[in-house]
Chemist: 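Please find one structure pasted underneath; my questions will follow.
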2 protein chains.
Amino acid sequence: MASKVGSSPTIVDVAEQAGVSIKTVSRVLNKEAGVQDKTREQVLKVVAELKYRPKLAARSMGGGRSFLIGLLYYDPSAAFVGGVQQGATLRCRESGYHLVVESLHNDAPDIYNQVDRMVSALRPDGMILTPPLCDNPKVLQALRDNETPFVLLSPGQEPADQFSVRMDDELAAEEVTNLLISLGHERIGFIRGAPDQAASELRYRGFVRAMQAHDLTVEESLVWEGDFTFPSGVEGAHKLLSRSVRPTAVFASNDDMALGVLAAAQRLGLNVPADLSIAGFDDSSAASLVWPPLTTVRQPTHEMASVAVEMLITAKGNDAEAATPQSSHRVLPHQLLVRDSSRALHPSAHPHPAPKKV
Amino acid sequence: MASKVGSSPTIVDVAEQAGVSIKTVSRVLNKEAGVQDKTREQVLKVVAELKYRPKLAARSMGGGRSFLIGLLYYDPSAAFVGGVQQGATLRCRESGYHLVVESLHNDAPDIYNQVDRMVSALRPDGMILTPPLCDNPKVLQALRDNETPFVLLSPGQEPADQFSVRMDDELAAEEVTNLLISLGHERIGFIRGAPDQAASELRYRGFVRAMQAHDLTVEESLVWEGDFTFPSGVEGAHKLLSRSVRPTAVFASNDDMALGVLAAAQRLGLNVPADLSIAGFDDSSAASLVWPPLTTVRQPTHEMASVAVEMLITAKGNDAEAATPQSSHRVLPHQLLVRDSSRALHPSAHPHPAPKKV
DNA sequence: CTGAAAGCGCTTACAG
DNA sequence: CTGAAAGCGCTTACAG
């Protein structure tokens, strides 16, 4: 009755209607302790009646928080980024936060200014950085200069005074390689990722570790440096498959390149997996949209994003109390997905170890 | 010298340093007319020196705008959404806006409250809705109740008092069908999209229109209802290809389903495109990551998003002046991408019309 | 357990 | 062409 029609209600409207001060309304809404049950109920009743919702901008002006988390990414089409975004939006919603997305070219000369401009105006409570941006010194510096907390996702380095979340790329690559070896493959081709991405080296190391553990030689001629794109997978496949003695399996550092290998193999008339086993990395949507579906590694992208958001919200909360520079490094479990693109080299000699199908 | 170290400068700092009022600083920053050149230069100089950046939250409190645009989507993995997001972030940056993303389940029973809660707290200057959310009455109602402007992307309906941007799905589907017919195909299978998406019906109509224009019958047994997912493409392919007289071409309403057809065909030992031509719709990244690459339609997702953002920014700007309920419906051009998954049925009899390759 | 006051950093009328 | 004042809707100290 008393509320002005047209404009949405404010904290003052609620306070008047409930017969309390705006401070008390604020206390109830922020779930602060020390409010009489009866008062609390009365306030909540009026809040519901008026459909009152505190505006983010006003909360941001008064308090120190913007309730905004930023996600900085480079390649929006990457399966990794898609998973991270999905996980982050869901986690944000649980806590009344919102996710702001920004895409940047990692090699843009003015990237410092781009990040600086964005952060200094938006004032997010925290930023989530995906590769390769999380390893870009200019980006990190712009964030520090603006005193904006950030979490690195799968970074190449894990400096002591920072937050990061990742999976064990090296271990996962080792597992994939072990799978191929257990299927009887000994001549295994490997396609590396982009040189500027930390995961490229880690996955290669895992491959080498598994090979050496089985006394298999890593032939230089069977390792090709790609850049995580489909075309580089096609090119790598042509190189590797043109060797006098062809590899019987190819492990590509990500699914896009593995799909390139698959396409090249099919074009060359090879039957996958009968003539060639293929494995990728990422569990991109396309990995299960081809025939045969790709053996690959599912990265815990949702979980990584969820943990990252939580770190940022918590850090902001503790900020007021303790000025202790915090840090945390989390490593989340991945999952090996064995699908039809990999098969035993000699079914009779090397029985398939009944892998879990997905 | 005079600026307090630690906290970032405010409009007051700039005004003092420049020897003008904060109102004048505000005028310069907002590019309002009626400021002496000399004064303007002086202000800009101090702004640069202090690296002053107006905070969004404060601008939002004072004025009516939040400089936030929301993007509401259902399936984040969809190529359509990815393209829209990329186009929207870039266009937002040009105007100092930021893109907030939220994913929703279209069939969530409390979807009204989800949208209401988000919008009433965030107060974005506008929202962009992707299918099928743009056709969900509850979502639209929640937006109207909060007086939040919105643009519908490829909606099923185009009510007079709303903003929308789309491409001509029916025409594009007609063009794809015409291509297949020009290649000599007469028995063409069609896989429909999800029943709750407007594009499904439009694309089917385009298919029918092209067939009828060439006096070809649309056999019911050659039309399968899918749901835009890969598995439904696989299932549809098995049904269509099990007919006594097989179709020589299959047109799927989107790429995911076309990839399902491709996978199924390859599994059945059919050679694509020699034994079967396939066409899709979307130009998803996977469409060019398979062999053979898919003939498909590139939707102008970037451009659609860019136009949508512009509509919202403009609408908000005019809002103060004229209270005239505006509306606008834009139709953007698409592109037919002819790739190797489609081929002439009888190369000698029907010479390939030298289509543009991509 | 509750409240009155000040302040966050801008913009919008309103003057001159 | 420029400015002093009020206000946007919250929160943070500070009292009692």
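Order of the sequence lines fixes the chain letters, A, B, ..., with proteins taken first and strands second; residue numbering starts at 1 for each chain. Since the structure is predicted, the reported quantities are computational estimates derived from the model, not experimental observations.
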Chemist: Assign Thr39(A) to base, sugar-phosphate, or nothing according to its heavy-atom contacts below 4.0 angstrom with the strands shown.
Modeler: sugar-phosphate
Chemist: Please state whether the base of dG3(C) and the side chain of Arg27(A) form at least one donor-acceptor pair under 3.5 Å?
Modeler: yes
Chemist: Regarding Val12(B), tell me which of base, sugar-phosphate or nothing describes its non-hydrogen contacts under 4.0 Å with the strands shown.
Modeler: nothing
Chemist: Round to the nearest Å and state the distance from Ile22(B) atom CD1 to dT2(D) atom P.
Modeler: 16 Å
Chemist: Could you check how far NZ of Lys23(A) sits from C1' of dA13(D), rounded to whole Å?
Modeler: 9 Å
Chemist: In whole Å, what is the span from the NZ atom of Lys38(A) to the C1' atom of dT2(C)?
Modeler: 15 Å
Chemist: What integer distance in Å separates Lys55(B):NZ from dT11(C):P?
Modeler: 11 Å
Chemist: Can you measure Leu56(B) atom CG to dC10(D) atom P for me and round it to whole angstrom units?
Modeler: 18 Å
Chemist: Rounding to a whole Å, what distance do you find between Glu16(A):CD and dG3(C):C1'?
Modeler: 15 Å
Chemist: Ignoring backbone atoms, test whether Thr24(B) places a side-chain nitrogen or oxygen under 4.0 Å from the OP1 or OP2 oxygen of dG3(D).
Modeler: yes
Chemist: It should be established whether Ser26(B) places a side-chain nitrogen or oxygen under 4.0 Å from OP1 or OP2 of nucleotide dT11(C).
Modeler: yes
Chemist: Using 0.5 Å steps for rounding, measure from the CG atom of Asn146(A) to the CZ atom of Arg117(A).
Modeler: 12.0 Å
Chemist: Can you tell me how far P of dT2(C) sits from CD of Glu41(A), to the nearest Å?
Modeler: 12 Å
Chemist: Considering only side-chain heavy atoms of Thr10(A), which listed nucleotide, dT2(D), dC10(D), dC1(C), is closest?
Modeler: dC10(D)
Chemist: Can you check the Met61(B) CE to dT11(C) P distance for me, whole Å?
Modeler: 13 Å
Chemist: If you check every side-chain atom of Gln36(A), which of dT11(C), dC1(C), dC10(D) has the closest atom?
Modeler: dC1(C)
Chemist: Return the pairing partner of dT2(D) with a 3.5 Å limit on both distances, Watson-Crick or G-U wobble; otherwise return none.
Modeler: dA15(C)
Chemist: Check every atom of dG3(C), dT11(C), dG9(D) against the side chain of Val20(A) and return the nucleotide holding the closest atom.
Modeler: dG3(C)
Chemist: Looking for any heavy atom pair under 4.0 Å, which part of the strands does Gly62(B) touch: base, sugar-phosphate only, or nothing?
Modeler: base
